[in-house]
Amino acid sequence: MTRQIRTSPAACDQSLHQAYDTALLDLDGVVYAGGRAIGHAVESLAAARADGMHLAYVTNNALRTPEAVAEHLGELGIPTDAAEVITSAQAVARLIAEQVEPGSKVLVIGGEGLRVALRERGLVPVESADEEGLAAVVQGYGGPDLAWGRFAEASYAINRGVPWYASNTDLTIPGARGIAPGNGAAVEVVRIATGAEPQVAGKPLPPMHRETVLRTGAKRPLVVGDRLDTDIEGAFNGEVDSLLVLTGVTDAEQLLRAEPRHRPTYVDRDLRGLLAGQPEVVPAAEGFRCGGWTAVALNNGVLDLRQDDEADEGGGVGDGGSGSDPLDGLRALCAAAWTAAAEDVCRLDAAKALARLGL
């Protein structure tokens, strides 16, 4: 069966935390950045939980253990049990355990999160490529202090034919000071040295989705993330709905240019979106309308954005002129862009339209 191509953000009459039983939340860029809580995250998650929504924190960051992540969340004011944290380290450990003998030795290139996850699966983490009977190499995010020599250690083993696994391939990771190289960048280093390809477990691939479902028991989950190529694509691959928040690496222009597998079900500024319904985007005479905004794909290759009352003197950038929500303007632009692109990516010029919104 051919999957229907999303050409517009969806509407939801209920608050999202009431429409879905479990929020599968990314961490970096969604709940926190650089160790600090993102604005409105703490109170929004507390309200969603108090109203009956289950929360699970699903991260491609394999550096820390679930216990450490849960402790950090608690320090931020988000009480969390370690069982509510699912990491790519857990997903890749299960993947390895399904392909090697119990008690096998695995060379670890990464942090404590990988070691703990391997032991949970009955595997033995080791540090040297020269270990006898080495069954696998696993690579995960090791933080900014991971020594360069660890990549050489991985390469020695892989070049001898030892199977290679990676927790994830996110090229970047958001932090308090900006965007930094992620595990995917480190994987590229080893790929260049070996010519090999790892088996990858993390978002957006099926092993991570399977790990999440097994550990949470979610029946109607909502994936919440900031990355199109991991969180949103992972939801697409798992055939579940998704909410993109604009607090991490994805900006409005990237959202408009999203290919079909990267188009979220919903879009909102931050985690306050969990506590609200989502407005309908409807076809208008020339384009698509949401709230007080209408977006039109013009014949000259430009995405145009209009508001209900262009003559309102009180209007300005990011206002909409009559109290219109700029995010509704973005939703309308998404519909115009994705419809024009169909199965491709939108190549229309949206610079002036986005400037009007101030996003």
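For clarity, every value in this text was computed on a predicted model and none was experimentally measured.
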For the backbone of [Y] and the side chain of [X], can you confirm whether one donor and one acceptor N or O come within less than 3.5 Å of each other?
X	Y	answer
Asn183	Thr169	no
Asp26	Gly225	no
Arg115	Pro125	no
Asp51	Ala47	no
Ser104	Val100	no
Thr80	Ile78	yes
Asp226	Thr247	no
Ser15	Gln18	no
Asn300	Val302	yes

- By side-chain hydrogen bond (donor to acceptor under 3.5 Å, both in side chains), which residues pair with Glu131, not counting sequence neighbours? Lys105
Rounded to the nearest 0.5 Å, what separation is found between the [atom1] atom of [X] and the [atom2] atom of [Y]?
X	Y	atom1	atom2	value
Leu330	Leu354	CG	CG	7.0 Å
His54	His17	NE2	NE2	13.0 Å
Lys203	Thr59	NZ	OG1	6.0 Å
Leu25	Leu271	CG	CG	6.5 Å
Tyr165	Leu107	OH	CG	13.0 Å
Leu274	Leu16	CG	CG	6.5 Å

Could you state whether [X] and [Y] fall into the same hydrophobic cluster, counting links through intermediate Ile, Leu, Val, Met, Phe, Trp or Tyr residues with side-chain heavy atoms under 4.5 angstrom apart?
X	Y	answer
Val281	Leu246	no
Val85	Leu76	yes
Trp148	Leu146	yes
Leu134	Val92	no
Val162	Ile158	yes

- Message: Given His262, which partner from the list Gln254, Arg227, Glu233 fulfils the side-chain hydrogen bond (donor to acceptor under 3.5 Å, both in side chains) test?
- Response: Glu233
In terms of side-chain heavy atoms, does [X] have a donor or acceptor partner in [Y] at a distance below 3.5 Å?
X	Y	value
Asp170	Asn60	yes
Arg263	Ser242	no
Gln139	Trp164	yes
Tyr20	Asp241	yes
Gln278	Arg331	yes

Grab the two heavy atoms, one from [X] and one from [Y], that are nearest each other, plus how far apart they are.
X	Y	answer
Ala340	Leu348	CB-CD1, 4.0 Å
Gly234	Pro204	N-CB, 3.3 Å
Leu255	Pro264	CD1-CD, 3.7 Å
Pro198	Arg191	CD-NH2, 3.8 Å
Val42	Ala37	CG2-CB, 4.0 Å
Pro221	Leu24	CB-CD1, 3.7 Å

- Item | Verdict with reasoning, Ile179 to Ile173, per side-chain contact (heavy atoms from CB on, under 4.5 Å) | CA-CA 6 Å; Ile179 303 298; Ile173 186 169; over 6 Å; no
- Ser128 and Glu153: CA distance, side-chain angles, deciding distance, side-chain contact (heavy atoms from CB on, under 4.5 Å) verdict: CA-CA 7 Å; Ser128 173; Glu153 204 69 25; 3.6 Å; yes
- Query: Which is it for Tyr57 and Thr87 under the side-chain contact (heavy atoms from CB on, under 4.5 Å) test, yes or no, and what are the steps along the way?
  - Reply: CA-CA 8 Å; Tyr57 301 94; Thr87 74; over 6 Å; no
Ion pair check, [X] and [Y], cut-off under 4.0 Å:
X	Y	value
Asp325	Arg269	yes
Glu127	Arg150	yes
Arg119	Glu112	yes
Arg306	Glu286	yes
Asp130	Arg160	yes
Asp349	Lys352	no
Arg94	Glu211	yes

- Item | Arg261 to Phe236, cation-pi by 6.0 Å centre distance and 45° axis angle | no
- Item | Qualifying ring-ring contact (aromatic ring centres under 6.0 Å, His included) pairs with a residue from residues 72-112, counting only residues at least two apart or across chains | Tyr32-His72
State, with a plain yes or no, whether a side-chain heavy atom of [X] is found less than 4.5 Å away from one of [Y].
X	Y	value
Glu259	Glu343	no
Val224	Val30	yes
Cys334	Phe288	no
Thr250	Leu244	yes
Glu84	Leu55	no
Thr22	Lys219	no
Ile109	Val137	yes
Asn61	Leu27	no

- Query: Checking side-chain contact (heavy atoms from CB on, under 4.5 Å) for the pair Val31/Leu73: CA distance, chi angles, key distance, verdict?
  - Reply: CA-CA 9 Å; Val31 177; Leu73 288 170; 3.8 Å; yes
- Item | Heavy-atom neighbours of Glu101 CD exceed 12 at 6.0 Å | no
- Other residues, nucleotides, ligands: >12 heavy atoms within 6.0 Å of Arg220 CZ: yes
- Among all residues two or more places apart in sequence or in another chain, which pass the side chain to side chain contact (heavy atoms under 4.5 Å, CB included) test with Ala97? Arg121, Leu123
